[in-house]
Amino acid sequence: MSRYFIKRLLQIIPLMLIISIFVFFFIHMIPGDPAKTLAGVEASVEEVEAIREEFGLNKPIIVQYFDYMKNLLHGDMGRSLKSNLPVTEMIASRMQYTLRLVFAGILWAPVLGIFIGVICAIYRGRALDHAGMLFAITGLSAPGFWLGLMGIEIFAVRLGWLPSAGLDTWKGYVLPSLVMGTGIMAVLARYSRSSMLETLREDYVRTARAKGQKEFIVMFSHAFKNSLIQVVTILGLQIGGLLSGSVITETIFSIPGMGRLLIDSIFYRDYPVIQGLLMIFALQYVLINLIVDMLYGVINPKIRYD
Amino acid sequence: MSEKLLKVKDLRTEFFSSKKSSVVAVDEVSFELEKGEIVGLVGESGCGKSVTSLSIMQLLKDTPGRVTKGEVIFEGKNLLTASKKEILNIRGGSMSMIFQEPMSSLNPSMRIDRQMIEGICLHTSLSKAEARERAAKILTQVGIPDPQRVLKNYPHQLSGGMSQRVMIAMAMSCNPQLLIADEPTTALDVTIQAQILELMKKIQKEQGMSILLITHDLGVVAEMCSRVIVMYAGKIVEEAPVEILFGNPTHPYTQGLIASVPKLGSGVKVLPSIPGSVPDLSSMPTGCRFAPRCKYASEKCRQQEPELVAVNDKQKCRCWLKQ
Ligand SMILES: Nc1ncnc2c1ncn2[C@@H]1O[C@H](COP(=O)(O)OP(=O)(O)OP(=O)(O)O)[C@@H](O)[C@H]1O
Ligand code: SF4
Ligand SMILES: [Mg+2]
C-alpha cells in the first residue's frame with residue numbers, strides 16, 4: 001500500500017512538469033503586454049523597454065521558461081510584476097481564505113447531498129423522493145453567481161441578517177459556503193441516489209434480508225457503504241472543482257483569496273503570479289485525487305495497492 | 001403421516017411494469033413439504049423457480065414483483081399475512097436460503113466473520129465471541145479446512161466453491177427447519193458440485209431439516225431428492241416421488257426432459273432442449289401452456305387449460321391426456 005502511494009507521489013513530479021509547460025506557454029499567449037500595463041499609458045518606448053529588460057521579458061520565451069523552472073526548483077516562484085512582492089508570499093497570504101471557503105463548502109454539502117440521495121433512494125417513487133430530486137435539480141441549475149447575488153440581495157440588503165462581503169465573523173461564511181456547496185450537494189444527491197438504487201438491487205442486499213436483518217441495518221450497513229464506493233470518486237472531482245469555484249465566490253463576496261488574486265493578476269498580465277497560482281491549483285487537484293484514491297482503498301477492500 | 005412443514009397454496013406472483021400491467025411469473029402454485037424431506041423443483045430457465053422461492057421467503061423487495069394471491073403456511077403460520085417482526089424472526093432462523101450466485105451474494109465490503117456473526121446474533125442469544133466460535137465450527141462442518149483464515153477474508157479473496165460453502169454455512173448457522181437452495185451448485189465446477197451436494201445431504205440427515213432444492217439438473221434430483229415438482233411457464237405440471245417420476249413420467253414435458261437427459265449424474269447443467277421455447281410471460285397461450293411444443297397437443301389443449309390432478313395416490317399431472 002505505502003509503496004503504491006510513494007509511486008503515485010513520485011508520478012506527480014513529471015505530471016507537474018508537463019502542467020508547468022502548458023501553463024507557461026498558455027499564459028504568454030494571453031494577448032496584452034505586461035510591460036506596457038506596468039509602465040502606464042503615458043510611458044515612453046524607452047521606459048517600457050527598460051521594464052522588459054528588468055523582468056527578463058525580452059528574452060526568448062524558452063529561456064524565460066527555463067529561468068522560471070530553475071528558480072522554482074529553489075522554491076522561488078519569482079516576484080510579482082505589479083507589486084514586486086515574492087509570489088510565494090502573495091499566494092501564501094491568500095491561500096488561507098480560499099481554503100476556508102473550500103472547507104466551508106465541504107463541511108456541509110457532501111454530507112447533505114449524500115443524505116438526500118440515500119433518502120430519495122430508500123423512498124424511491126414517493127413524494128419524498130420527488131421533493132428531494134426537485135431540490136437537487138434546482139441546486140444544480142442555479143448558477144453560483146446568481147445564488148450569491150440573490151443571497152446578498154435578500155439576506156444582506158433587505159433583511160440585513162448577514163454581511164454582504166468578507167469573512168470577518170461566522171455570519172460572513174454563511175452565504176459564501178452556500179454558493180460553494182450548492183453544486184456539490186446537488187451533484188452528490190443525484191449520484192448517491194442512483195448509486196444506492198443500483199446497490200439495493202445487488203444479491204448481497206437480498207442475502208442480508210434473508211438473514212432476517214432489520215431493513216434499517218440492511219440499508220445502512222450493507223447497501224450504503226457499498227454505494228459510497230462510486231460516490232467517493234465523484235466527490236474527488238467535485239472538490240477539485242470547488243477550488244476553481246472559489247474564483248466566483250471570492251469575487252462576489254470580495255474575499256481576498258487566491259481566486260481574486262488570479263482575476264487581478266490576469267488583468268495586469270502579472271505572469272509570475274498567474275503561473276504560480278495555476279500551478280498551485282493544479283497541484284491541489286492532483287493531491288485531492290490522490291487522497292480520494294486512498295479513501296477509495298479504505299472503503300473498497302477489493303482494491304489492493306500493489 | 002408426518003407433519004407438514006410448509007404448505008404453499010395457490011401462490012401467484014406478478015411483476016408489474018406499471019400500476020396496471022403485469023406478467024404472472026408464478027401462477028397457482030401449490031405444494032407441500034414434510035419435515036425432513038428433500039424436494040426438488042425443476043424446470044427450464046425462466047419458469048419461475050427462483051421467483052417461487054423468493055415469494056416464500058418474501059424477498060421480492062426492490063424488484064417489481066409482488067405476491068398477489070395465495071398462502072404460504074410455514075409451521076402453521078401464513079407468512080403472507082404475518083407481521084414484519086414475525087417474518088424477520090423466521091428468515092434466516094427457521095427458514096433460510098442459499099442463492100444461485102454465491103460470488104455476488106456476499107457483501108463485498110464486509111469480512112466473512114461479520115457477515116456470519118450478524119445472522120447468528122439475530123437468531124440466538126450468543127455473544128459476538130460465541131457467535132464467532134459457532135461460525136468457525138460450521139465452516140469446519142462445511143469442509144473448510146482453515147476457518148479462522150476464511151473468517152478474516154473478504155469475499156473477493158474466496159473462490160466460487162468457497163463462497164458457496166460460506167453461503168451454506170451461513171444458511172445453516174441457526175439450524176433452520178427449512179433450507180431453500182436455489183441452484184446451489186450451478187455456478188460451480190463438477191467436482192465441487194458433488195462435494196457440496198454431498199455436504200448438504202449429510203447436514204440434512206444430521207439435523208433432520210427439509211430442503212427445497214431448485215435445480216436444472218435432473219441428475220442432481222435423482223441423487224438428492226425424494227420427491228420432485230416440475231414447473232413449466234409459471235405453473236406446476238407434474239409432481240411425483242423421484243422413482244416414479246423417472247420411471248413413469250406422465251406429463252409430456254416431463255417425458256421430454258427425462259428422455260433428453262444423456263445419462264444421469266453426467267454433470268450436464270443445462271436441461272437439454274425440447275423443441276421450441278418457453279412462451280413469453282406476456283403472451284401465454286390460452287390453453288395448455290405447453291401446447292405449442294407438445295406432440296400430443298389437440299384442439300382442446302389449445303382452448304382450455306388442464307388442471308393439476310392426481311393420476312394416482314402419489315402422482316399429480318396437469319395434462320388433458322390424464323384427466
Ligand atoms: N426482477 C424481475 N423483474 C421482472 N421480471 C422478473 C424479475 N425476476 C424474474 N422475472 C420474471 O419471472 C420469470 C421467472 O424467473 P425466475 O428467476 O423465477 O426463473 P428461474 O426458473 O429461476 O430460471 P433460472 O433457471 O434461469 O434461474 C422470468 O421469466 C422473468 O420474466
Ligand atoms: S394438455 Fe395437451 S398440450 Fe398440454 S401437455 Fe397435455 S397433451 Fe400436451
Ligand atoms: Mg433462478
Side-chain angles (χ1 to χ4, degrees), chain A residues 1 114 117-127 129-130 192-233 294-306, chain B residues 19 50 53-54 56-64 84-112 114-123 152-157 163 166-167 170-171 173-174 176 179-180 182 187:
Chain A
M1 174 115 172
I114 292 172
V118 168
I119 293 297
C120 284
I122 293 176
Y123 294 95
R124 68 204 152 286
R126 301 205 228 150
D129 180 19
H130 297 310
S192 44
R193 177 180 182 272
S194 67
S195 167
M196 185 75 178
L197 281 182
E198 222 169 274
T199 314
L200 284 177
R201 284 194 289 268
E202 296 283 352
D203 290 346
Y204 54 81
V205 171
R206 196 179 54 193
T207 307
R209 289 197 178 117
K211 284 179 206 170
Q213 187 54 278
K214 290 179 208 64
E215 196 57 20
F216 179 80
I217 297 179
V218 172
M219 291 291 161
F220 286 91
S221 134
H222 291 275
F224 177 59
K225 193 182 169 198
N226 285 293
S227 80
L228 266 188
I229 291 172
Q230 292 178 43
V231 176
V232 164
T233 324
M294 279 166 64
L295 215 64
Y296 197 79
V298 173
I299 301 182
N300 187 355
K302 264 190 225 175
I303 309 278
R304 265 177 308 166
Y305 301 103
D306 42 27
Chain B
K19 273 225 165 68
S50 295
S53 59
L54 293 176
I56 294 171
M57 285 282 279
Q58 313 230 344
L59 287 174
L60 289 165
K61 201 164 190 287
D62 288 311
T63 73
K84 270 186 188 158
K85 210 173 150 216
E86 287 172 314
I87 298 283
L88 292 186
N89 272 331
I90 290 171
R91 260 195 217 148
S94 44
M95 186 197 285
S96 60
M97 185 159 177
I98 305 171
F99 298 96
Q100 216 162 341
E101 282 299 330
M103 304 290 257
S104 60
S105 293
L106 289 165
N107 183 341
S109 66
M110 211 185 255
R111 291 178 202 274
I112 302 300
R114 266 190 70 197
Q115 303 197 45
M116 291 193 67
I117 291 169
E118 182 183 19
I120 297 172
C121 285
L122 278 170
H123 299 283
K152 278 191 222 106
N153 279 163
Y154 282 104
H156 72 271
Q157 293 167 303
S163 301
V166 169
M167 287 300 292
M170 245 159 77
S173 61
C174 303
L179 176 69
I180 301 178
D182 189 354

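Values below: all heavy atoms of this structure, side chains included; hydrogens, waters and symmetry mates excluded. Sequence lines set the chain letters: A, B, ... in the order given, protein chains first and strands last, and positions in each chain run from 1.
Ranking B/Gln115, B/Arg114, B/Lys84, B/Glu101 against chain A, the residue ahead of the rest is B/Gln115, based on heavy-atom pairs under 4.5 Å. Top candidate by heavy-atom pairs under 4.5 Å with chain A, chosen from B/Leu59, B/Ile98, B/Ile120, is B/Leu59. Contact tally against chain A (heavy-atom pairs below 4.5 Å) for B/Ser104, B/Gly93, B/Ser96: the top residue is B/Ser104.
To the nearest 0.5 angstrom, A/Lys214 atom NZ is 7.5 Å from B/Leu88 atom CG. B/Met97 CE to A/Arg206 CZ: the interatomic distance, rounded to the nearest 0.5 Å, is 6.0 Å. One distance of note links CD1 of B/Ile87 with CZ of A/Arg209; it measures 13.5 Å at 0.5 Å rounding.
Heavy atoms of A/Glu202 lying under 4.5 Å from chain B are absent altogether. Residue contact with chain A, scored on non-hydrogen atoms closer than 4.5 Å, is absent for B/Met103. Only the backbone of B/Leu106 comes within less than 4.5 Å of a heavy atom in chain A; its side chain stays farther off. For B/Leu54, the part sitting under 4.5 Å from any heavy atom of chain A is the side chain, from C-beta outward, and nothing else.
Annotation for A/Phe220: atom CZ counts as buried by contact number, over 12 foreign heavy atoms lying within 6.0 Å.
Side-chain atoms of A/Lys225 never come within 3.5 Å of backbone atoms of B/Met110 as a donor-acceptor pair (strictly under, hydrogens ignored).
The side-chain heavy atoms of B/Lys61 and A/Glu215, taken from C-beta on, include a pair separated by under 4.5 Å. Contact check for A/Thr207 versus B/Met167: side-chain heavy atoms found under the 4.5 Å cut-off.
Closest approach of A/Asn226 and B/Pro108 over heavy atoms only: OD1-CG, 3.5 Å.
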